[in-house]
There are 2 protein chains.
Amino acid sequence: MTKSNISIKELASILGFSITTVSRVLNGKAEQYRIKKETESKIQETAKRLNYTPNQFARSLKLDKSETIGVIVPDISNPFFAEIFKNIERGLKQHGYAVFVGDSNDNTELEIDLIKHFVARKVDGLVIAPVGISSTHLSQVFKTGIPLVSIDRSFKNVDFPAVTSNNFDSAKEATIELLKNGHRNIALIQGLNQSQPNTDRVNGFIQAMKEWDIHPDKYSIVGEGFSIENGFYQTDRLLNSANPPTAIFALSNLIALGALKAISQNGQTIPNDISLLTFDEQAYSAFLNTPMTTIEQNKVEMGNMAVKLLIDQICGRKPKIGSIVQIHSKMHLRESIKKIN
Amino acid sequence: MTKSNISIKELASILGFSITTVSRVLNGKAEQYRIKKETESKIQETAKRLNYTPNQFARSLKLDKSETIGVIVPDISNPFFAEIFKNIERGLKQHGYAVFVGDSNDNTELEIDLIKHFVARKVDGLVIAPVGISSTHLSQVFKTGIPLVSIDRSFKNVDFPAVTSNNFDSAKEATIELLKNGHRNIALIQGLNQSQPNTDRVNGFIQAMKEWDIHPDKYSIVGEGFSIENGFYQTDRLLNSANPPTAIFALSNLIALGALKAISQNGQTIPNDISLLTFDEQAYSAFLNTPMTTIEQNKVEMGNMAVKLLIDQICGRKPKIGSIVQIHSKMHLRESIKKIN
DNA sequence: TGAATATGCACAAACGTTTGTGCAAATATA
DNA sequence: TATATTTGCACAAACGTTTGTGCATATTCA
């Protein structure tokens, strides 16, 4: 382990060279500054032997960069974000960055706070899975020149890049799966209204219904958040309504968990009494009471792409304005959809 | 958002005071250095108005502390660690720390690498959920004076504090639950052999069996890792053995998921064909095909305690040597245990 | 009124780097 | 041999803070 924290000054005096020369060698600029091969290797070797590591603060202070990235997610205990984060962290580590993480707890104020905190610590870039539907605070920080990529959600008329799933297409495809199984009275339980992934998913759903000539009176779109609570509450209402749906389409894993709770509390079973389909594959999806049909977002690809988009910016490759990368999702057909009629 | 990044020098020259005075006021040392109230408020006000934030690097360089903590977990996408982490992050944020996170991916080499990385960045402390069974690298870094707390796992003969669950007691209690339901031929699928939580849980299990006078020939202890794969493989073997158990006790949520997979692939159901009991409560535990009886570790308390133990060290309160704090777990009795005979 | 003390602030060094520039010594060129 | 060029390295400033110390001026005390 790094013990004594020797400074470049001591190292230089031990070697008998100037601080300048040592610094240059250690930063790979030996050739550029015409330093003798022999000198170079001597410095390299003693530096390693004495376990020299440069003081990051001094470096950062001088170079005005921290080799640090800030990542902000709404809820790190949500496996969806945790897995994306895992891939982001891995990618950034490979590029030599250390990563700060902040949990905004689904709260825009906290998100803004965290951004300020990270900016104050001069992160070289930010990856944010934004909470709300507003993007002004993101645009602001991006305009100050800090590389930024938004993940999971994108925004219109905005300069920074984003990586999302192909929400429209996969929601449409999933809806068609329900339609093919004979469902018409379908309830969609949505997440945060007006957020981009929600809007895209809802639109994909509507488009599918339109293409199958299902009149909007036939189906319903309810809910207002990606949470368990929303899933529970809305499902409970739907089941006890005058005209309960034959299938529920949940727009997140948490909504689905809430739905499961409500369905079981109402003494119903899947898929006999009601069919269920949800966004977000999880390790447990196949093992639920009735294995769940899910839409799996490619979290590995999303993480990798976020890293790429960020590094591109840091290296000076400006993002194309409004560039949104869509990662393809994949359906897992299981037994939670009943074939009717 | 922090725009112009004004320095203390500029701030001072705008105010007409010296850098010294400005610094002292902004660090709350106005009184100590007898600075006029009027001067103080004038400085405070303009600092706020101009949105001054001190350069962290310069501060850290001068003060030789980073106001940063490094947290290392084996797998952030495992909800168990993610939730603990969430609480740690929240606590540290409240104390003004930014937190680096590293995912060691269940790999000791990577864990050591991350530690070095964080040490090089002069974190003020480390919270580590250690991977392996060795603690020498932890002791080493602790001896260099870096505050450290181990979480989820503890070690013997070691100077740094740890927070774990009351693994022995809760494993014993859970085992007794199985015994009370008439099970005798019980298989324990363990996690990482020789790791402390595993050992404690296994010992709790054995102790229960002993108190109920069950001969070791009657039950079996198998497995060698907290992973899904281990859970799957061992369960599959057990189910197809000459004398399959009537109940399986899984020592982690991942082992349980693997067990679920094997049980379903073997065409068996819980609890009719086999009973299952597992460590780690998850949001989905109640919604599995047969709601699962689980032992819930108190992740909130574990996180909070880790923060407390770390801050204590940072503030100079030396930990009592070998201090291990055990957080109490709680059983959730559900339907995955069949009453036999 | 003169000395002692209190008040209010500034000088300058130090933290550990990076880097533009300058200057000898060594070598090449004419 | 004298000059030009190349080679090899060092000086010193700068990054933005914190802090020990010192020094005027103002106030109190005898």
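For the numbers below, each heavy atom of this structure counts, side chains included, while hydrogens, waters and symmetry mates do not.
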**Request:** Could you work out which one of dT17(C), dG8(C), dC9(D) sits closest to the side chain of K36(B)?
**Result:** dG8(C)

**Message:** So if I take every side-chain heavy atom of F17(A) and compare against dC15(D), dG20(C), dC9(D), which nucleotide ends up nearest?
**Reply:** dC9(D)

**Message:** So which atom in P130(A) and which in I151(A) form the shortest heavy-atom distance, rounded to 0.1 Å?
**Reply:** CD-O, 3.5 Å

How many whole angstroms separate atom [atom1] of [X] from atom [atom2] of [N]?
X: K122(A); N: dG16(D); atom1: NZ; atom2: P; value: 8 Å
X: I43(A); N: dA10(D); atom1: CD1; atom2: P; value: 8 Å
X: Q32(A); N: dC9(D); atom1: CD; atom2: P; value: 15 Å
X: L11(A); N: dT17(C); atom1: CG; atom2: C1'; value: 13 Å
X: K9(B); N: dC11(C); atom1: NZ; atom2: C1'; value: 14 Å
X: I19(B); N: dA12(C); atom1: CD1; atom2: P; value: 12 Å
X: N55(A); N: dT17(D); atom1: CG; atom2: P; value: 16 Å
X: R24(A); N: dT21(C); atom1: CZ; atom2: P; value: 11 Å

**Item:** Interatomic distance, I128(A) atom CD1 to I115(A) atom CD1 [nearest 0.5 angstrom]
**Value:** 3.5 Å

**Prompt:** Quick one: does F100(B)'s side chain get under 4.5 Å of L114(B)'s, heavy atoms only?
**Reply:** no

**Prompt:** Do you know which of K93(B), R90(B), K86(B) makes salt bridge (charged side-chain N to carboxylate O under 4.0 Å, His left out) with D103(A)?
**Reply:** K86(B)

**Any donor-acceptor pair under 3.5 Å from N78(B) side chain to F80(B) backbone** = yes

**Prompt:** Take atom CD in E31(A); do more than 12 heavy atoms of anything else shown fall under 6.0 Å from it?
**Reply:** no

**Message:** With a sphere of 6.0 Å drawn around CD of Q32(B), does it hold more than 12 non-hydrogen atoms of other residues, nucleotides or ligands?
**Reply:** yes

**Request:** Using a heavy-atom cut-off of under 4.0 Å over every strand shown, decide if Y33(B) touches base, sugar-phosphate, or nothing.
**Result:** base

**Request:** Select base, sugar-phosphate, or nothing to describe what S7(B) touches, counting heavy atoms under 4.0 Å on all strands.
**Result:** sugar-phosphate

**Request:** Could you pick out which residue, I35(B) or R34(A), lies toward the 5' side of DNA chain C when each is mapped onto its nearest nucleotide?
**Result:** I35(B)

**Quiz item: T20(A) side-chain donor-acceptor pair to dT19(C) base, under 3.5 Å** = yes

**Message:** Counting only heavy atoms and a strict 4.0 angstrom limit, can you tell me which residues of residues 58-66 of chain B come near DNA chain C?
**Reply:** L61(B), K62(B)

Can you find a side chain N or O atom of [X] that sits less than 4.0 Å from OP1 or OP2 on [N]?
X: N27(B); N: dT18(D); answer: yes
X: S18(A); N: dC9(D); answer: no
X: S23(A); N: dT18(C); answer: yes

